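Written out below as structure tokens is the structure these notes cover.
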Amino acid sequence: MNYQLTLPMKQTTDVYQLLTINLLTQMPIIAPSLLASNFFNLETECKMLNESSADWYHLDIMDGRFVPNISYGPMLVEVFRKATNKICDVHLMIEEPGNYAEAFKKAGADILSVHIEACPHLHRNIQQIKGLGMQAGVAVNPHTPVDALKDILADIDMVCLMSVNPGFGGQSFIPHTLLKIKQLREMIDERSLHVKIEVDGGVTLENAKTIIDAGADVLVAGSTVFKAADPIAMIAALKNM
Ligand code: DX5
Ligand code: ZN
């Protein structure tokens, strides 16, 4: 397969400017997960996303160890980086993510999230990501209480709350996540922190509003976007919830 895309590229992405715009408009940030895209036709998929009101590319990295599936690595992140000016939000579902942070920075990641369950030295991982000039996210599995984030919250830019068990697209939203979103929203607001809440997995047109009302800032949507008859209209519908 030829991964060279011929879309127009921009040299730099002003992540902070784009993030601020979203905070000001009060609209949710929409981050389609490319895991559900048609890999035989990536150029068309990227063009579609670039023309849409999607804010971020959500890129899922799986190693077959932390999660029971393997997806892709920095090589493909680099392709997506060249295909878009939008923010590349890279979700690492891998063991020992510290060994790969630099590679994903070089590939063009703007935001790098690591799993709390994969990081015995999470604070060190976060410092490394920030030191490399990326925004730092912490992802948490459905069984991990948000309380576990208490002592790292002030150091990070985003929490990625998994609303399915990581590893596969197309699963159903776990309802208990709504309570976790509310709890986390309180933890963030009572300390006046600027940490975004991203919700990842099983987001649909039907549950998006409830998720936003619970306090989410970023909606990741794979199947809902890429399996839609009109993905651009679906992204707009999610954004205008
Ligand atoms: C799951 C991934 C998700 C997934 C979302 O391990 O982290 O980002 O691609 O896909 P949907 O929206 O289909 O649940
Ligand atoms: Zn993800």
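What you are looking at is a predicted structure, and each value in this text was computed from that prediction instead of being measured. In listed order, ligands and their atoms are each counted from 1.
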Between [X] and [Y], is any pair of side-chain heavy atoms under 4.5 Å apart?
X    : Y    : answer
F173 : E206 : no
F104 : I129 : no
Q128 : R124 : no
K105 : L112 : no
P166 : P142 : yes

- Measuring from the Zn ion (ligand 2), count protein N/O/S atoms under 2.8 Å, please.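 Total protein N/O/S atoms under 2.8 Å from the Zn ion (ligand 2): 4.
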- Trace of the salt bridge (Lys or Arg N to Asp or Glu O under 4.0 Å) decision for K47 with E43: CA-CA 6 Å; K47 275 186 176 152; E43 185 166 350; 3.8 Å; yes
- Item | Protein residues that have a heavy atom under 4.0 Å from any atom of ligand 1, sorted by chain and number |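 Contacting ligand 1 under 4.0 Å are S33, L35, H58, D60, M62, H91, M93, M162, P166, G167, F168, G169, G170, D200, G201, G202, V220, A221, G222, S223.
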- When Ile, Leu, Val, Met, Phe, Trp and Tyr are grouped by side-chain heavy atoms lying under 4.5 Å apart, directly or through other members, which residues fall in the same group as V220?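 Taking Ile, Leu, Val, Met, Phe, Trp and Tyr as members, V220 stands alone, with no cluster partners.
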- Go through the side-chain N and O atoms of Y57 and N50 and say whether any donor and acceptor fall under 3.5 Å apart.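 Yes, side-chain donor-acceptor contact under 3.5 Å.
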N/O donor-acceptor pairs under 3.5 Å from side chains in residues 71-80, not counting sequence neighbours:
{"unit_1": "S71", "atom_1": "OG", "unit_2": "D60", "atom_2": "O", "d": "2.7"}
{"unit_1": "S71", "atom_1": "OG", "unit_2": "M62", "atom_2": "N", "d": "2.9"}
{"unit_1": "Y72", "atom_1": "OH", "unit_2": "D60", "atom_2": "N", "d": "3.2"}

